[in-house]
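FYI, side chains are in, hydrogens and waters are out, and symmetry mates aren't considered; it's all heavy atoms of this structure. Reminder, nothing fancy here: chain letters follow the sequence lines and each chain counts from 1.
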Amino acid sequence: MKGIVMSLSLLGTKLGMTRVYNDDGVSVPVTVIALGPCVVTQVKTQDVDGYDAVQIGYGELKPRNSTMPIIGHDAKANTAPKRHHREFKPAESKMELPAFELGQTLDVSMFEKCAFVDVIGTSKGKGYQGGMKRHNFGGQPATHGTERKHRSPGSIAAHATNRGTGPKPKKGKRMAGHMGDERVTVRSLSVVKIDKEQGLILVKGPVPGADMGLVEVREGRRLYKSKGVKQKEALGA
Amino acid sequence: MNRQAIIEGINKDQLKNDVPRMDIGDTINVHCRIVEGDKERIQVFQGVLISRRGRGINEMIMVRRIVADSGVERTFPLNSPRIAKYEVVRRADARRAKLYFLRDRQGKSRRLRDRRRGMKHVEGMSTVS
């Protein structure tokens, strides 16, 4: 696996939000994430598996709550069974990443030089919601003769719109439906502080999901220009 | 460790431990650090403490004073490093936790009753009969 640059996320738990005063005395809202330690549970190679990837595991789990296949799989990496597993493929990365070996432990110090990270989580479920809450529709007028349809989405256009002919509206038409409880990525959050002892990372601003929810943290990608420059400087690239 | 203990551990270092006892109704001096360019100076805001809300790192205090016959209220984060120190100038008697009624008061009725009476039981506090 040596020499291959991986774009890797670490798994962690969102602990909650608080505030931190920076050197200028400005209050910065931060989310505290307990990140890692993650264990490399499998290294996939072109020869054996047909593609290159690295699989990591995170989270304590009592063996009796796990399954034999998982216990056996993680035992190969010489570790107790993990609750969550994720696989990452090679991609371009500016971060210096270690060569991956089976059973290796990855922790928050990986992000020490990162100025910006992306955080991925599962947003809070909102249930079945109407167009106004789900898609920021305007609704109908409160008065001027509107009756019993103040929050309705209004017209959804003709059935054939943009689809040739057919009996149904276009796929992806914005309507009422289930909202939240989906994978959400927030990009380019500043790293405010890293606590290696406790394995904590503090990022500026909110991240998706409830407290104690599973989150993925990776190096910031698709940074806009000024952030990109700062990230490069921080990584020394 | 549980999640609350970890977050409180992060906050712990930022909490001030030299905040004097300040009760609602007290007149206090808030010494603010003002940074102009690379120079720093202290500005004192004196007024009546009319509200305290929040806990720990999130605690806010609201101070009301009268400037040129109009009320000015400022809200400070209690633990902000931009505040150099607090001083209690005068202690007063307040029977409620939020003194928003002072906003409607004019003239002498703005004043609060001095609370130095009957404070013998509080250590270090001067009393008048």
Under 4.5 Å from any heavy atom of chain A - which part of B/D13: neither

So among A/V30, A/L200, A/V32, which one has a side chain to side chain contact (heavy atoms under 4.5 Å, CB included) with B/I7? A/V32

Proximal component of B/I83, with respect to chain A [non-hydrogen, under 4.5 Å]: neither

Just wondering, are more than 12 heavy atoms of other shown residues or ligands nearer than 6.0 Å to CZ in B/R65? yes

To the nearest 0.5 Å, atom CD1 of B/I10 lies from atom CZ of A/R19 at 14.0 Å

Short side-chain to backbone donor-acceptor contact, A/Q198 and B/I6, under 3.5 Å: no

CD1 of B/I57 to OG1 of A/T18: how many Å apart, nearest 0.5 Å? 6.0 Å

Please look at A/D211 and chain B and tell me whether the side chain, the backbone, both or neither of the residue comes under 4.5 angstrom of a heavy atom of that chain. side chain

If you draw a 6.0 Å radius around CG in A/N78, do more than 12 non-hydrogen atoms from other residues or ligands fall strictly inside? no

Within 6.0 Å of NZ in A/K204, more than 12 heavy atoms from elsewhere: no

Kindly indicate, with the supporting measurements, whether the criterion side chain to side chain contact (heavy atoms under 4.5 Å, CB included) is fulfilled by B/R3 and A/T13. CA-CA 10 Å; B/R3 128 196 135 71; A/T13 306; over 6 Å; no

Neighbour count above 12 (heavy atom, 6.0 Å) for B/K98 NZ: yes

Tell me, do B/Q4 and A/L15 make a side-chain contact under 4.5 Å, heavy atoms counted? no

CZ of B/R103: more than 12 outside heavy atoms within 6.0 angstrom? yes

Using a 6.0 Å cut-off, check whether atom CZ of B/R41 has over 12 heavy atoms from anything other than its own residue. yes

Does B/D18 CG have over 12 foreign heavy atoms under 6.0 Å away? yes

A/G25 to B/S80 - nearest heavy-atom pair and separation: O-OG, 4.3 Å

